[in-house]
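Just below is one structure, and these are the notes that go with it.
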Number of protein chains: 2
Amino acid sequence: MKLSQGVEWMLHGVGVIAHAPPGTSVARRVLAEQYDLPEAYLAKHLKALVRAGILTATTGPAGGFRLARDPADITALEIVEAIEGSASPFVCQEIRQRGLVAVPPELCRRPCGISTVMDRAHQAWRESLRDVTVVDLMRLIPKSLRDKLVARLAANAR
Amino acid sequence: MKLSQGVEWMLHGVGVIAHAPPGTSVARRVLAEQYDLPEAYLAKHLKALVRAGILTATTGPAGGFRLARDPADITALEIVEAIEGSASPFVCQEIRQRGLVAVPPELCRRPCGISTVMDRAHQAWRESLRDVTVVDLMRLIPKSLRDKLVARLAANAR
DNA sequence: GAGTCTGTACTCGGATATCTTCTGTCCGAGTTCTCTAGG
DNA sequence: CCTAGAGAACTCGGACAGAAGATATCCGAGTACAGACTC
């Protein structure tokens with residue numbers, strides 16, 4: 001079980017985009033330089049966030065990415081699932097219905113108990129991430145650096 | 001993020017092994033037939049559980065696998081982590097220390113805030129799985145099938 | 001008849017290919033700004 | 001001097017290779033039982 005590193009990039013990245021001056025966008029080049037990330041690959045993950053309705057993208061010289069909604073309405077869970085997908089990491093293959101002591105289909109109306117156990121854990125994980133909003137992510141940046149960040153974003157906004 | 005299917009196999013498998021008559025082992029062939037699984041690949045995961053101290057393996061004609069400890073002392077979390085590893089699915093690459101607005105090392109004594117958020121979610125996931133023991137897994141098998149299972153295990157024990 | 005020895009059959013364990021998924025990259029479509037030319 | 005037009009530069013988006021990990025498999029090492037042989 002491994003999370004894509006795009007999750008880390010986007011959790012940091014959305015926190016940066018959220019600091020952009022109102023009405024301005026952050027170009028992916030600016031974001032890539034911010035953390036010294038490969039720009040082309042970063043694009044892939046940004047695109048996923050646009051599809052998920054978390055960011056909006058505008059093209060052209062003054063284009064870039066900005067939040068699609070209020071930062072308080074966007075959760076870390078949404079960001080993670082935009083990249084990793086919302087499917088559970090545990091996929092029940094119904095092996096109980098196979099083999100020598102197969103469970104007859106009429107007893108399989110309810111999901112497999114193992115599957116329930118795993119899903120419950122997954123829900124606990126999701127709940128934890130749902131409690132964190134982009135506002136919280138913004139607060140994670142040390143204050144001294146926040147000023148530098150905002151200055152840089154303002155300088156790159158056109 | 002995807003869990004190996006070995007997790008499903010072993011959660012079911014340990015539940016089966018736990019039903020073996022006292023003093024007997026379950027051969028991997030018997031376990032493979034139980035759910036119609038590829039025996040050779042199943043071996044890989046069983047080995048992982050032996051390394052983790054969850055099962056003990058004995059060779060020879062009457063050999064096989066049995067629980068290394070009391071079923072009430074073995075948690076689902078142990079089984080999952082024996083296969084997937086105990087590392088967090090989120091690995092912090094410390095990208096905050098890179099790029100144009102890099103955080104100076106003296107401010108990085110504490111772990112990155114993003115990392116903390118993800119680790120908290122991971123701990124919630126682990127806690128949920130830690131609450132489930134092998135005894136619980138045994139109870140997940142419907143009673144009517146449990147009798148058939150025990151009979152089969154007794155017939156294959158030598 | 002009892003004990004011992006040898007052989008066989010059965011078990012698990014490590015090393016080895018194949019394939020899907022993540023990682024990384026490139027070039028094309030679209031838009032806005034700017035510069036220039038004309039009125 | 002002002003306005004309109006065309007060009008250029010900058011943006012994002014989808015299609016294309018390479019690498020790492022999961023999946024699947026085989027053959028070898030070790031052990032307990034069973035049979036046969038000897039005393």
Side-chain angles (χ1 to χ4, degrees), chain A residues 1-10 13 17 20 23-33 35-52 54-66 68 80 82-85 87 89-91 93 95 156-158, chain B residues 1-10 13 17 20 23-33 35-52 54-66 68 80 82-85 87 89-91 93 95 156-158:
Chain A
M1 185 172 52
K2 196 166 78 75
L3 279 165
S4 163
Q5 62 181 3
V7 170
E8 179 180 13
W9 295 5
M10 287 301 102
I17 293 173
T24 68
S25 294
V26 180
R28 74 180 180 200
R29 183 182 54 77
V30 174
L31 196 58
E33 288 171 354
Y35 293 116
D36 191 22
L37 302 176
E39 184 183 338
Y41 187 29
L42 185 69
K44 201 170 193 123
H45 296 307
L46 284 167
K47 186 176 56 175
L49 265 65
V50 171
R51 277 196 193 136
I54 296 170
L55 301 179
T56 57
T58 51
T59 65
F65 297 89
R66 67 182 69 183
V80 173
I83 296 166
E84 291 290 328
F90 180 85
V91 281
Q93 308 275 21
I95 66 172
N156 279 281
R158 260 169 293 179
Chain B
M1 184 171 53
K2 195 167 79 77
L3 279 165
S4 163
Q5 62 181 3
V7 169
E8 180 180 13
W9 295 3
M10 286 302 103
I17 293 173
T24 67
S25 294
V26 179
R28 74 181 179 199
R29 182 182 54 78
V30 174
L31 195 57
E33 288 171 354
Y35 293 116
D36 190 23
L37 302 176
E39 182 182 342
Y41 187 28
L42 185 70
K44 197 170 195 125
H45 297 307
L46 284 167
K47 186 176 58 176
L49 265 64
V50 170
R51 278 198 193 134
I54 296 170
L55 300 179
T56 57
T58 52
T59 65
F65 298 90
R66 65 182 71 181
V80 173
I83 295 166
E84 289 292 327
F90 180 86
V91 282
Q93 307 275 22
I95 66 172
N156 280 280
R158 260 167 295 181

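Here is how names work: the chains are called A, B, and so on, in the same order as the sequence lines, proteins then strands, and each is numbered from 1.
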Whole-Å gap separating P (D:dC12) and CG (A:Leu46): 8 Å
Atom-pair distance (CZ on B:Arg28; P on D:dT25), nearest Å: 13 Å
Which nucleotide in D:dG13, C:dC12, C:dC33 has an atom nearest any side-chain atom of B:Thr59: C:dC12
Residues B:Met10, B:Val80; criterion side chain to side chain contact (heavy atoms under 4.5 Å, CB included); working and verdict: CA-CA 8 Å; B:Met10 286 302 103; B:Val80 173; over 6 Å; no
Sugar-phosphate, base or nothing in reach of A:Ser25, heavy atoms under 4.0 Å: nothing
Full working for side chain to side chain contact (heavy atoms under 4.5 Å, CB included) between B:Val91 and A:Leu3: CA-CA 8 Å; B:Val91 282; A:Leu3 279 165; over 6 Å; no
C:dG14 phosphate, OP1 or OP2, under 4.0 Å from B:Arg51 side-chain N/O: yes
Spacing between B:Phe65 atom CZ and C:dC10 atom P, to the nearest angstrom: 17 Å
Where B:Ser25 and B:Ala62 come nearest, the two heavy atoms and their spacing: CB-O, 4.1 Å
Whole-Å gap separating C1' (C:dC12) and CD1 (B:Ile17): 13 Å
A:Glu39 bridged to A:Arg29 by N-O distance under 4.0 Å: no
Whole angstrom value for the distance that separates P of C:dC10 from CG of B:Leu31: 19 Å
Which nucleotide in C:dT11, D:dT11, D:dA32 has an atom nearest any side-chain atom of B:Arg29: C:dT11
Non-neighbouring partners of B:Ala27 that pass side chain to side chain contact (heavy atoms under 4.5 Å, CB included), sequence neighbours left out: B:Val30
Close side-chain approach of A:Tyr41 and A:Gln5, heavy atoms under 4.5 Å: yes
Nucleotide of C:dG14, D:dG30, D:dC12 approaching B:Lys47 most closely (side-chain heavy atoms): C:dG14
Sugar-phosphate or base contact per nucleotide [nucleotides 18-25 of chain C; S, B, -; heavy atom under 4.0 Å]: -----BBB
